[in-house]
There are 2 protein chains.
Amino acid sequence: MKLSESEENYIKSIYNLQIKTEKVNTNSLAVFLNTSPASITDMLKKLKSKKLLEYKKYYGFRLNEAGNTEALKIIRRHRLWEFFLVAKLGMEWDKVHDIAEELEHVSSPELINRLDAYLGKPKTDPHGDPIPDERGKVVLLKQKPLKDLAMKQNAIVSSVSSQGHEIMEMLNHYGIGIGSQIKVLKSFEFDGSLQIKIARKPECIISGMAAQNIYVYDN
Amino acid sequence: MKLSESEENYIKSIYNLQIKTEKVNTNSLAVFLNTSPASITDMLKKLKSKKLLEYKKYYGFRLNEAGNTEALKIIRRHRLWEFFLVAKLGMEWDKVHDIAEELEHVSSPELINRLDAYLGKPKTDPHGDPIPDERGKVVLLKQKPLKDLAMKQNAIVSSVSSQGHEIMEMLNHYGIGIGSQIKVLKSFEFDGSLQIKIARKPECIISGMAAQNIYVYDN
DNA sequence: AAATAAATTTAGACAAATCTAAAAATAATT
DNA sequence: AATTATTTTTAGATTTGTCTAAATTTATTT
Ligand SMILES: [Mn+2]
Ligand SMILES: [Mn+2]
Ligand SMILES: [Mn+2]
Ligand SMILES: [Mn+2]
């Protein structure tokens with residue numbers, strides 16, 4: 001299936017939102033893609049006509065099997081390029097998303113499979129997100145938002161929400177990265193902020209917003 | 001200057017044709033880009049309005065200084081990616097052009113300069129064409145078509161016309177590559193074909209067409 | 001159950017990039 | 001110099017992706 005850059009961006013966004021929120025709606029997709037709701041409706045019709053999406057007017061929409069497959073191909077390309085930019089070109093993890101957003105649309109399978117092999121078939125991208133394999137299989141980590149981590153439980157930072165570089169900029173400042181050992185010392189009900197301890201770093205406090213967008217797995 | 005993918009393809013094509021033929025005309029550009037002459041005229045107007053092109057109706061057109069600068073940026077990206085695909089991913093030199101044709105439109109300067117450094121600031125792409133440096137400077141080789149090489153003169157293959165993979169496919173078959181030592185043994189006036197000797201290969205005969213698209217420098 | 005609010009879709013417009021067919025300008029032949 | 005041929009441009013359509021404003025449907029309040 002040959003898809004335009006726009007179609008690919010929509011498909012990938014729907015996929016990514018479906019993971020986090022189960023039910024995606026027109027308005028939230030419009031906000032996410034920074035377009036108007038009317039444009040979303042237009043594209044939904046097109047993706048339906050290409051049989052990548054189940055869609056009933058006013059009722060809702062959802063990628064079907066074919067749509068999912070396409071989404072995973074795009075995500076594979078995106079994450080492999082992000083890995084390349086960090087591992088080979090030495091770019092910062094908070095700068096690679098926008099470039100990968102363009103590179104992901106170059107769709108030669110030979111290119112991507114060679115890139116994958118060249119990079120040593122990495123399992124996750126620089127933000128901790130899993131890279132689908134050639135057949136579209138993706139291993140989901142048993143992770144949870146830091147805000148749901150039990151008090152004083154040791155855990156490892158596994159990923160961060162990767163839309164936008166702002167969170168990574170901040171984590172760089174705190175010295176938090178993928179793989180950091182982390183523990184919650186205190187939770188403030190007032191605003192959901194957390195006092196935390198990163199291995200070999202001084203204690204610090206992060207906002208509830210941050211605690212929702214940092215993911216960890218138990219250790 | 002932010003340019004669309006189409007604008008970039010037109011600019012690059014005009015630049016490449018201007019090198020070979022001095023005067024480019026609407027029809028030949030249309031053939032080269034596989035579009036209609038009407039589309040060429042439309043784009044000429046747009047590029048003129050963006051001040052990248054000198055253009056007078058019916059009279060002719062030519063990239064100006066700004067247009068040249070843009071062309072060299074695109075060509076730099078194209079050739080660096082081609083080098084990457086061959087040197088790092090191990091692709092064949094006759095397969096990389098089409099992929100680079102897409103990658104060249106990803107225009108982050110940081111990406112390209114890091115890629116350049118990572119590849120060791122290569123001077124030429126896999127087809128022997130020079131890679132412009134960051135400031136757009138390009139070192140032209142003193143090369144000539146193989147058909148103009150004096151009889152029995154030792155020479156080195158320096159580049160091949162790189163539009164389309166067909167010539168490279170054929171050269172692979174003959175065992176000719178960039179850097180091959182080559183000598184013309186005999187020239188047939190009838191059809192311009194040449195009997196040649198490649199170092200450590202058996203003698204063979206190539207067509208006049210081929211002899212026009214293989215470039216060499218004296219040795 | 002009405003009324004109001006929110007979400008979604010339609011109607012109609014626009015810019016970009018392309019096309020075909022016709023017109024206009026230039027070049028080449030007789 | 002006229003005629004014919006070639007090249008180039010214009011006129012008018014089409015497709016894709018987008019928008020705003022209005023209409024429609026669904027959800028929420030009173
Ligand atoms: Mn993208
Ligand atoms: Mn990522
Ligand atoms: Mn291109
Ligand atoms: Mn090349």
Out of curiosity, N9(B) CG to F32(B) CZ, how far, rounded to the nearest 0.5 Å? 10.0 Å
[X] has an atom [atom1]; how far is it from atom [atom2] of [N], in whole Å?
X	N	atom1	atom2	answer
K56(A)	dT9(C)	NZ	P	14 Å
L53(B)	dT8(D)	CG	P	14 Å
K45(B)	dT8(D)	NZ	P	15 Å
L29(A)	dT9(C)	CG	C1'	15 Å
M43(A)	dT18(D)	CE	C1'	10 Å
N34(A)	dC19(D)	CG	C1'	13 Å
Y59(A)	dT8(C)	OH	P	13 Å
I40(A)	dT20(D)	CD1	C1'	15 Å

Examine distances only and state if a side-chain atom of N64(B) and a backbone atom of K51(B) form a donor-acceptor pair shorter than 3.5 Å.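 Such a contact is found between N64(B) side chain and K51(B) backbone.
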Pair E8(B) + K12(B): basic N to acidic O under 4.0 Å: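 Judged by the 4.0 Å cut-off on N to carboxylate O distance, E8(B) and K12(B) do not form a salt bridge.
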Is any side-chain N of the basic residue among E82(B) and R79(B) closer than 4.0 Å to the acidic one's carboxylate O?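 No, this pair does not count.
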Ignoring hydrogens and angles, answer whether the base of dT24(D) and the side-chain atoms of Y58(A) contain a donor-acceptor pair closer than 3.5 Å. yes
Consider the side chain of [X], meaning its heavy atoms from C-beta on, and name the nucleotide among [options] that approaches it most closely.
X	options	value
D42(A)	dT10(C), dT20(C), dT18(D)	dT18(D)
N25(A)	dC19(D), dT9(D), dT8(C)	dT8(C)
T41(B)	dT20(C), dT9(D), dT10(C)	dT9(D)

Students often get this wrong, so: under 4.0 angstrom with heavy atoms, is [X] touching a base, only sugar-phosphate, or nothing?
X	result
S6(B)	sugar-phosphate
T26(A)	sugar-phosphate
Y10(A)	sugar-phosphate
Y55(A)	sugar-phosphate

Assign each of A38(B) and S36(A) to its nearest nucleotide of DNA chain D by heavy atoms, then name whichever residue's nucleotide is nearer the 5' end.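 Upstream on the strand: A38(B).
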5′-ward residue of the pair S39(A)/K57(A) relative to DNA chain D: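 Per heavy-atom nearest nucleotide, the more 5' residue is S39(A).
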Can you see if the side chain of N27(A) gets near the phosphate of dA6(C) - specifically, an N or O under 4.0 Å from OP1 or OP2?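 Answer is no, no contact under 4.0 Å.
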Please confirm whether F84(A) and F84(B) have ring centers closer than 6.0 angstrom.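 Ring centroids of F84(A) and F84(B) are less than 6.0 Å from each other.
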